[in-house]
4 protein chains.
Amino acid sequence: MAAPKTAVSDAKQERVRRRRRQVLQAATRLMQVSGFHSMSMQAVADEAKMSVGLIYQYFGNKEDVLRAVIVDILEDFRDEVPAALDAAGADPVKRLSNGFRVFCQVVDAKRAATVLTYRESKTLTPEGLEQIKHLELETTEPIRQAVRDGVEAGVFADVDAELVVHNLLMCAHGWALKHWHLSEYLTLEQYIERELAMLLASIRPAG
Amino acid sequence: MAAPKTAVSDAKQERVRRRRRQVLQAATRLMQVSGFHSMSMQAVADEAKMSVGLIYQYFGNKEDVLRAVIVDILEDFRDEVPAALDAAGADPVKRLSNGFRVFCQVVDAKRAATVLTYRESKTLTPEGLEQIKHLELETTEPIRQAVRDGVEAGVFADVDAELVVHNLLMCAHGWALKHWHLSEYLTLEQYIERELAMLLASIRPAG
Amino acid sequence: MAAPKTAVSDAKQERVRRRRRQVLQAATRLMQVSGFHSMSMQAVADEAKMSVGLIYQYFGNKEDVLRAVIVDILEDFRDEVPAALDAAGADPVKRLSNGFRVFCQVVDAKRAATVLTYRESKTLTPEGLEQIKHLELETTEPIRQAVRDGVEAGVFADVDAELVVHNLLMCAHGWALKHWHLSEYLTLEQYIERELAMLLASIRPAG
Amino acid sequence: MAAPKTAVSDAKQERVRRRRRQVLQAATRLMQVSGFHSMSMQAVADEAKMSVGLIYQYFGNKEDVLRAVIVDILEDFRDEVPAALDAAGADPVKRLSNGFRVFCQVVDAKRAATVLTYRESKTLTPEGLEQIKHLELETTEPIRQAVRDGVEAGVFADVDAELVVHNLLMCAHGWALKHWHLSEYLTLEQYIERELAMLLASIRPAG
DNA sequence: AATGAATGAGACTTCATTCAT
DNA sequence: CATGAATGAAGTCTCATTCAT
């Protein structure tokens with residue numbers, strides 16, 4: 001009796017996952033274009049090729065969809081950035097460089113989504129806000145650790161790791177937030193190279 | 001006969017200015033709390049202690065209010081930041097330092113407003129967007145020039161002035177955008193000092 | 001003491017008349033274009049080159065303006081049509097013909113105004129309605145009398161004068177009401193000639 | 001699988017038809033009383049016993065409702081008048097007489113609606129206006145043909161069919177437009193008889 | 001599980017009317 | 001006498017959410 005129940009349960013969970021993904025992708029597409037408030041639930045349903053009623057079986061309300069969209073985006077960051085660090089070996093400089101490089105690349109791939117998180121975060125409930133703050137910290141934690149390691153090892157000056165990571169984050173996000181300006185004279189690769197040079201210069205041990 | 005006419009005209013212009021200011025202040029207060037879309041025109045009217053109809057005598061529509069609010073904020077920046085540089089003498093390092101310091105101080109004084117510009121800019125029409133992009137460039141132009149001067153004088157490395165200013169801007173804005181995190185362990189002064197140290201380190205001429 | 005008072009009174013009455021006329025002309029122009037409800041009092045004020053407040057010194061409210069506009073139009077008809085008959089001599093056929101001809105010409109000259117009376121009459125209060133009904137009867141009364149005279153004299157068949165005048169009225173108004181169609185293939189003169197021929201044929205004594 | 005699909009589709013189409021009819025009847029009732037502009041969408045919803053929102057599922061906007069109301073009225077005319085001619089045999093006099101008689105009867109049955117079309121047509125967009133002009137021509141076309149036939153057969157004088165139909169139309173509409181006056185001394189039947197007599201007299205062959 | 005018709009609150013905006021100057 | 005700034009009620013339309021099928 002347990003087996004079929006679980007099988008059914010699995011199938012159900014799989015459908016739930018699929019449906020939620022459909023909705024999130026549709027909502028993300030729409031919000032990137034015109035923001036949360038201009039997106040109607042009917043439009044989400046159309047884009048997701050399902051009925052409005054069905055969305056409400058998988059999400060409590062419209063704000064719940066927003067929260068899920070933003071969390072979804074930030075989870076992508078959290079999954080991809082640390083993973084890149086694992087592949088970067090032990091050298092703090094390399095880990096930091098790789099972290100920044102990957103971060104910028106992910107931001108570039110999800111530029112509209114990145115801007116979206118800045119645009120709509122304040123619309124969330126306090127709980128939602130807490131969740132996304134936690135996710136951001138999780139995402140950057142491995143880089144933070146790399147900076148601490150580098151400081152300890154003496155390859156970096158005695159800088160505030162928290163602040164270095166903050167700068168690195170703003171710098172990566174900056175590529176999306178100020179893309180209208182930056183893209184006029186820089187490619188992503190140029191941006192990464194030059195910013196990285198300045199970033200490393202800013203924390204190299206005093207000569 | 002010209003005199004009274006002018007007097008009347010002056011009184012009228014003064015009232016227009018006062019009314020617009022009333023509306024903008026009310027709208028800014030409300031938007032900082034809950035965003036553009038959650039702010040009803042009735043709420044603005046109540047907050048500004050006037051009738052809804054009157055708002056429409058001074059602003060074409062709701063989006064026009066938003067544009068004016070954002071422009072108002074950015075004009076404050078444009079007026080205060082360059083003014084601080086004028087008082088900083090000729091030394092590029094001093095000018096850059098002062099620019100950054102003042103920028104951060106103004107951001108801190110208008111933290112909610114700064115966040116607001118990031119949150120609602122995309123809601124604007126293309127014309128509004130152009131206007132605010134222009135204002136941002138105007139605001140930072142004197143700093144950009146200071147960097148160029150420093151590079152030319154050899155007190156800075158041969159860095160991309162555009163990019164340095166971009167970093168400086170993101171850094172100042174970052175104080176508002178990530179205040180929930182930064183304020184847990186830093187005061188504004190500490191933030192300015194440490195960021196300034198890294199900023200200068202990042203562009204000091206190679207040993 | 002009576003003399004200057006009367007002089008003042010006369011000057012005042014003259015101004016009142018002038019102001020009212022300004023308003024009525026402006027309102028008529030605007031209503032002909034887009035109807036009573038789409039016409040704002042501010043627009044009337046602008047068109048009449050005076051302030052909104054002043055309109056309210058000469059008219060009780062917006063509907064009062066409408067009533068006056070329609071009455072004004074109908075008074076024109078009442079003044080011009082009977083006057084033409086006075087000049088037509090005693091022959092009933094001539095009087096009828098002239099009456100119709102003039103009626104059509106006045107309608108043509110005030111086509112938009114004629115349509116306006118059909119469009120907006122129902123908007124009036126019952127009193128206003130009574131007034132315009134009375135004016136319409138007054139306008140056509142001389143023609144009605146001409147028909148009665150003609151019947152009595154045996155130059156017309158024993159027709160219902162009331163109905164003949166009704167037909168004549170609808171026919172004249174018809175030039176304005178169906179101008180979109182009639183003007184495609186008839187000039188006003190052709191319309192008058194042909195309609196007059198049929199009108200007279202319809203009431204000539206049985207051969 | 002096709003069967004249930006069609007059944008569903010049929011049920012849906014039926015509901016759409018029913019809803020639209022509900023709205024149109026409610027709106028017609030209200031407009032006949034107080035005109036298009038004085039009719040609020042909330043009032044239509046109340047009268048139609050549905051919610052405002054639902055009206056907008058079946059009509060694009062308020063003007064769309066007006067257009068549909070007028071078209072609905074004119075389609076009734078177009079359906080009933082020509083049908084009566086089909087039953088009137090081949091004799092042009094009989095066809096013309098029947099056409100006029102039926103026209104007047106339909107006008108009488110829809111007196112308020114007839115007045116409504118004169119009152120509110122100008123409120124329509126150019127497209128709506130074109131549509132109703134076309135409907136009016138369609139409605140009268142069979143009568144126009146009967147007149148042409150009569151002229152050709154020599155039972156009518158060589159009159160302008162277009163103009164005869166125009167007169168007939170104005171005459172039928174006149175029963176509604178001037179009902180306040182006509183009904184004081186005539187029944188519908190009397191009106192039809194007398195007008196018909198004059199109409200035929202006006203086009204009988206000379207001598 | 002899935003649909004989408006239906007609801008109704010609430011948003012923006014206009015405009016007739018008043019009244020202090 | 002004349003102005004036009006100010007009011008606020010009322011209108012149109014949208015859209016999140018529910019629920020019968």
Side-chain angles (χ1 to χ4, degrees), chain A residues 11-12 15-16 19 36-46 49-66, chain B residues 8 11-12 15-16 18-19 36-46 48-65, chain C residues 11-12 15-16 19 36-46 49-66, chain D residues 8 11-12 15-16 18-19 36-46 48-65:
Chain A
K12 176 175 173 171
R15 186 177 49 232
V16 169
R19 290 300 199 191
F36 175 70
H37 287 96
S38 306
M39 173 192 82
S40 73
M41 291 301 268
Q42 184 61 61
V44 179
D46 292 348
K49 292 190 206 308
M50 64 175 75
S51 65
V52 252
L54 198 53
I55 296 179
Y56 281 86
Q57 288 215 334
Y58 298 102
F59 295 89
N61 51 36
K62 194 185 173 190
E63 198 185 81
D64 196 23
V65 175
L66 172 62
Chain B
V8 166
K12 176 173 175 169
R15 190 182 37 241
V16 169
R18 199 179 68 243
R19 290 302 199 190
F36 174 70
H37 287 97
S38 307
M39 171 193 84
S40 73
M41 290 303 270
Q42 184 60 64
V44 178
D46 293 348
K49 291 191 205 311
M50 64 175 74
S51 64
V52 243
L54 197 53
I55 298 178
Y56 283 87
Q57 201 136 74
Y58 297 101
F59 295 90
N61 51 36
K62 195 185 172 188
E63 197 185 83
D64 195 25
V65 174
Chain C
K12 176 174 173 172
R15 187 178 48 233
V16 168
R19 291 299 199 193
F36 174 70
H37 287 95
S38 306
M39 173 193 81
S40 74
M41 292 301 269
Q42 184 60 62
V44 178
D46 293 348
K49 293 190 205 310
M50 63 176 73
S51 66
V52 253
L54 199 50
I55 297 179
Y56 281 86
Q57 289 215 334
Y58 298 102
F59 295 90
N61 52 35
K62 194 185 172 189
E63 198 185 83
D64 196 24
V65 174
L66 172 62
Chain D
V8 166
K12 177 173 175 168
R15 189 181 40 241
V16 169
R18 200 180 66 244
R19 290 304 198 189
F36 175 70
H37 287 97
S38 307
M39 172 193 83
S40 75
M41 290 303 270
Q42 184 60 63
V44 178
D46 292 348
K49 290 189 206 310
M50 64 175 75
S51 63
V52 241
L54 197 53
I55 298 180
Y56 283 88
Q57 201 136 72
Y58 298 102
F59 295 90
N61 50 39
K62 196 186 172 188
E63 199 187 81
D64 196 23
V65 175

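The figures that follow rest on heavy atoms only: side chains count, while hydrogens, waters and symmetry mates do not. Quick note on labels: first sequence line is chain A, next is B, and so on, each numbered from 1.
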Nearest-Å distance for atom pair [atom1]/[atom2], residues [X] and [N]:
X       : N      : atom1 : atom2 : result
C/Lys62 : F/dA10 : NZ    : C1'   : 14 Å
A/Ile55 : F/dC19 : CD1   : C1'   : 16 Å
C/Met39 : E/dT14 : CE    : C1'   : 15 Å
C/Tyr56 : E/dT17 : OH    : C1'   : 5 Å
D/Asp64 : F/dC13 : CG    : C1'   : 13 Å
B/Lys49 : F/dG8  : NZ    : P     : 14 Å
D/His37 : F/dT12 : NE2   : C1'   : 12 Å
A/Gln42 : F/dC13 : CD    : C1'   : 16 Å

So if I take every side-chain heavy atom of [X] and compare against [options], which nucleotide ends up nearest?
X       : options               : result
D/Leu54 : E/dA6, F/dC1, F/dT3   : E/dA6
C/Gln57 : F/dA6, F/dC1, E/dA5   : F/dC1
B/Val52 : E/dT7, F/dT17, E/dT13 : E/dT13
A/Asn61 : F/dT17, F/dC1, F/dT3  : F/dT17
C/Met50 : F/dT3, E/dT18, E/dC12 : F/dT3
C/Ser40 : F/dC15, E/dA16, E/dT3 : E/dA16

- Message: Please compare D/Arg18 and C/Gly60 by the position of their nearest nucleotide in DNA chain E and report the one closer to 5'.
- Response: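 Its nearest nucleotide lies further toward 5', so the answer is D/Arg18.
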
Whichever of A/Arg19 and D/Gly53 has the more 5' nearest nucleotide on DNA chain E, that residue is A/Arg19

Answer for the Watson-Crick or wobble partner of E/dT21, both distances under 3.5 Å, is F/dA2

Re F/dT7: Watson-Crick or G-U wobble partner, both distances kept under 3.5 Å, found to be E/dA16

Any side-chain N or O of [X] less than 4.0 Å from the OP1 or OP2 oxygen of [N]?
X       : N     : value
D/Lys12 : E/dA5 : yes
B/Arg15 : F/dG4 : no
A/Tyr58 : E/dA2 : yes

Does the side chain of [Y] come within less than 4.5 Å of [X]'s, by heavy atoms?
X       : Y       : answer
D/Arg15 : D/Tyr58 : yes
C/Val65 : C/Met41 : yes
A/His37 : B/Ser38 : yes

D/Met41 or C/Ser51: which one's nearest nucleotide on DNA chain F is closer to the 5' end?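 Nearer the 5' end of the strand: C/Ser51.
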
> Using a cut-off of 4.0 Å on non-hydrogen atoms, how would the nucleic acid contact of D/Phe59 be classed: base, sugar-phosphate, or nothing?
Replying inline: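 Since no nucleic acid heavy atom lies under 4.0 Å of D/Phe59, the category is nothing.
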
When B/Asn61, B/Val44, B/Asp64 are each screened for side chain to side chain contact (heavy atoms under 4.5 Å, CB included) with B/Ile55, the one that passes is B/Val44

Q. Are the side chain of D/Lys62 and the backbone N or O of D/Ser40 linked by a donor-acceptor pair below 3.5 Å?
A. no

dist C/Met39:CE -> C/Leu66:CG (nearest 0.5 Å) comes out at 7.5 Å

